[in-house]
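All heavy atoms count here, side chains included; hydrogens, waters and symmetry mates do not. Order of appearance sets the numbers: ligands from 1, and atoms from 1 within every ligand.
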Amino acid sequence: MVERRLPRWSELREVVRPRRLPGDATARRLARAATVGDLREIARRRVPRAVFDYTDGAAGAEISLRRSREAFERVEFAPRVLRDVSAVDPSTSLLGARSELPLVLAPTGFTRLMHTEGESAVGRVAERIGVPYALSTMGTTSVEALAAAAPGARRWFQLYLWRDRDASAALVERAGAAGYEALVLTVDTPVAGPRLRDVRNGFTIPPALSLRTMANAAVHPRWWVDLFTTPPLEFASLRSWGGTVAELVDRVFEPAAVLADVRTLRETWPGALVVKGILDADDARAVVDAGADAVVVSNHGGRQLDRAPTPLEQLPGVVDAVGDRAEVYLDGGILDGADIVAAVAFGARACLVGRAYLYGLMAGGERGVQRAADILTREITRTMQLLGVASVAELTPERVRLRS
Ligand SMILES: Cc1cc2nc3c(=O)[nH]c(=O)nc-3n(C[C@H](O)[C@H](O)[C@H](O)COP(=O)(O)O)c2cc1C
């Protein structure tokens with residue numbers, strides 16, 4: 001029999017004292033997010049549905065995106081024990097310069113849609129944590145404004161080739177003049193992918209208040225107040241636009257881009273050249289032959305061709321094809337630092353993440369992006385420690401396998 005007694009008030013007081021996290025409501029909300037998935041849930045409640053869906057969604061039936069997630073779920077680590085992991089160094093070198101993590105913040109179009117602080121917030125976090133950030137051609141902050149907001153960040157510029165070659169060349173020139181160290185040429189977007197959530201939501205740029213969006217707007221007044229009380233939301237590098245993303249892509253982008261365009265860029269751009277959207281070993285070899293310094297194994301986060309190959313499964317073939325002639329990065333579906341550790345062990349030099357930081361941005365502006373970065377950093381270092389590795393050089397294929 002257990003002996004029972006009456007509780008003492010002094011003991012109860014210790015337990016029931018409500019613990020209030022410091023800071024304002026946003027800080028408290030962010031502090032309670034333990035994972036990027038938690039940030040996603042906060043984001044879902046914070047912004048209008050069409051905005052969340054534009055960010056969270058993918059093309060078609062979203063099979064590519066689901067498969068990318070499933071591939072990371074199939075990862076099994078092979079830890080070693082009794083290794084000194086008291087000091088773990090997750091830094092690496094990307095395009096010849098130090099990066100504090102094997103991480104790049106991916107180019108994402110229309111970032112000020114998610115939160116008015118937009119690309120500047122992302123750039124400042126990149127600067128603080130010491131990783132590169134690629135500004136999108138579809139950005140809502142100009143190359144010059146981002147350079148001013150994050151002067152110490154490693155800034156890359158993502159380029160879509162336009163039908164109007166002179167206009168794309170002028171943009172490249174501006175990026176060079178504003179101190180961008182690398183061009184990231186995205187090659188998987190000859191036409192827009194079928195983003196069905198956007199179609200169903202009647203999503204346009206700039207956002208328009210239809211009867212349906214108005215009803216949803218009433219639930220997210222703060223987002224709309226921000227929209228109408230801050231500088232207008234527009235593409236910084238494109239003339240003003242009033243239509244859907246798909247119409248814009250199909251009107252402006254060059255569907256006739258070929259390998260010769262990569263060679264031309266190589267001849268005209270003095271900095272590093274990264275080609276993004278590679279899924280095939282022969283394509284990887286070809287763009288490296290054409291002068292690329294790095295390739296990104298990517299299906300655009302599942303936002304272009306649905307049922308495209310899964311980047312994690314394509315990675316070893318591309319790494320073999322490219323050898324040490326170019327760096328190989330990977331993206332798509334990364335929500336956890338352990339995903340990044342796994343991709344590096346499979347041969348990637350680094351990973352790009354898009355949605356992971358955008359969920360943070362929607363959840364709490366710059367502080368939310370920082371929270372996403374802190375969560376990923378913690379997960380990377382802890383996974384390395386539990387794996388028994390102290391540096392990214394020790395992340396070799398022996399440390400991972402894909403369960404069938
Ligand atoms: C909202 C959004 C906008 C994007 N815009 C661009 C873009 O303008 N240019 C580009 O090359 N990739 C773009 N991407 C793709 C990302 O660069 C990256 O390949 C993808 O987000 C990786 O998948 P993840 O979001 O699951 O991390 C975008 C992705 C998202 C989610």
Side-chain angles (χ1 to χ4, degrees), residues 36-37 39-40 43 47 50-59 62 64-72 103-115 118-119 122 132-141 156-162 168 171 182-190 192-193 195 197-198 203 205 235-238 241 245-246 248-249 252-253 257 274-279 295-305 308 310-312 329-337 339-340 343 348 350-362 369 372-373 376:
V36 169
L39 289 175
R40 178 174 180 270
V47 300
V51 173
F52 181 80
D53 277 349
Y54 165 69
T55 310
D56 188 65
E62 308 195 349
S64 290
L65 179 59
R66 270 201 303 281
R67 285 184 184 158
S68 290
R69 283 296 326 140
E70 280 162 14
F72 283 118
L103 173 69
V104 176
L105 302 184
T108 56
F110 226 51
T111 310
R112 285 190 51 236
L113 176 75
M114 290 81 183
H115 189 284
E119 288 90 353
V122 184
Y133 168 42
L135 176 69
S136 165
T137 295
M138 311 273 275
T140 37
T141 301
W156 298 358
F157 182 68
Q158 179 267 324
L159 181 73
Y160 283 121
L161 276 183
W162 296 352
S168 356
L171 200 51
L183 262 194
V184 180
L185 176 69
T186 300
V187 292
D188 58 12
T189 312
R195 314 272 171 80
R197 294 201 217 180
D198 293 354
F203 176 67
I205 288 177
F235 291 112
S237 305
L238 291 164
W241 179 259
V245 181
L248 172 72
V249 168
V252 178
F253 291 10
V274 181
V275 176
K276 173 171 179 282
I278 295 293
L279 289 165
V295 296
V296 187
V297 181
S298 168
N299 61 26
H300 213 111
R303 296 165 74 84
Q304 284 300 108
L305 175 67
T310 302
L312 194 63
Y329 312 143
L330 173 138
D331 78 11
I334 288 170
L335 294 177
D336 190 305
D339 300 338
I340 297 171
C351 291
L352 278 62
V353 303
R355 294 181 185 86
Y357 77 74
L358 292 175
Y359 294 137
L361 186 65
M362 290 188 282
V369 179
L376 291 175

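- Considering only non-hydrogen atoms, atom 20 (C) of ligand 1 lies nearest to G301 out of A58, A134, S298, G301.
- The shortest separation from a heavy atom of G332 to ligand 1 is under 4.0 Å, placing the residue in contact.
- When only non-hydrogen protein atoms are considered, atom 15 (C) of ligand 1 lies nearest to H300 CD2, 3.5 Å.
- The ligand atoms of ligand 1 that sit less than 4.0 angstrom from a heavy atom of G333 are 23 (O), 24 (P), 26 (O).
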Under the side-chain contact (heavy atoms from CB on, under 4.5 Å) rule, what do L159 and V184 come out as? Steps first, then yes or no, please.
CA-CA 6 Å; L159 181 73; V184 180; over 6 Å; no

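- Cation-pi geometry between R195 and F203 is not satisfied (NZ or CZ under 6.0 Å from the ring centre, within 45° of the ring normal).
- Contacts between L358 and ligand 1, counted as non-hydrogen atom pairs separated by less than 4.0 Å, involve the side chain only.
- The option with the heavy atom closest to atom 12 (N) of ligand 1, from among K276, M114, Q158, is K276.
- The side chain of T186, and not its backbone, has at least one atom closer than 4.0 Å to an atom of ligand 1 (non-hydrogen atoms only; side chain from C-beta on).
- The protein non-hydrogen atom at the shortest distance from atom 3 (C) of ligand 1 is G109 N, 3.4 Å.
- Proximity of R355 to ligand 1, defined as any heavy-atom pair under 4.0 Å, is shared by backbone and side chain alike.
- Looking only at heavy atoms of the protein, atom 1 (C) of ligand 1 is closest to R303 NH2, 3.4 Å.
- Nearest protein heavy-atom contact of atom 18 (C) of ligand 1 is D331 OD2, 3.2 Å.
- In this structure, the protein non-hydrogen atom closest to atom 21 (O) of ligand 1 is G354 CA, 3.7 Å.
- The protein non-hydrogen atom at the shortest distance from atom 17 (O) of ligand 1 is P107 O, 2.7 Å.
- Only side-chain heavy atoms of Y160 come within less than 4.0 Å of ligand 1; its backbone N, CA, C and O stay farther off.
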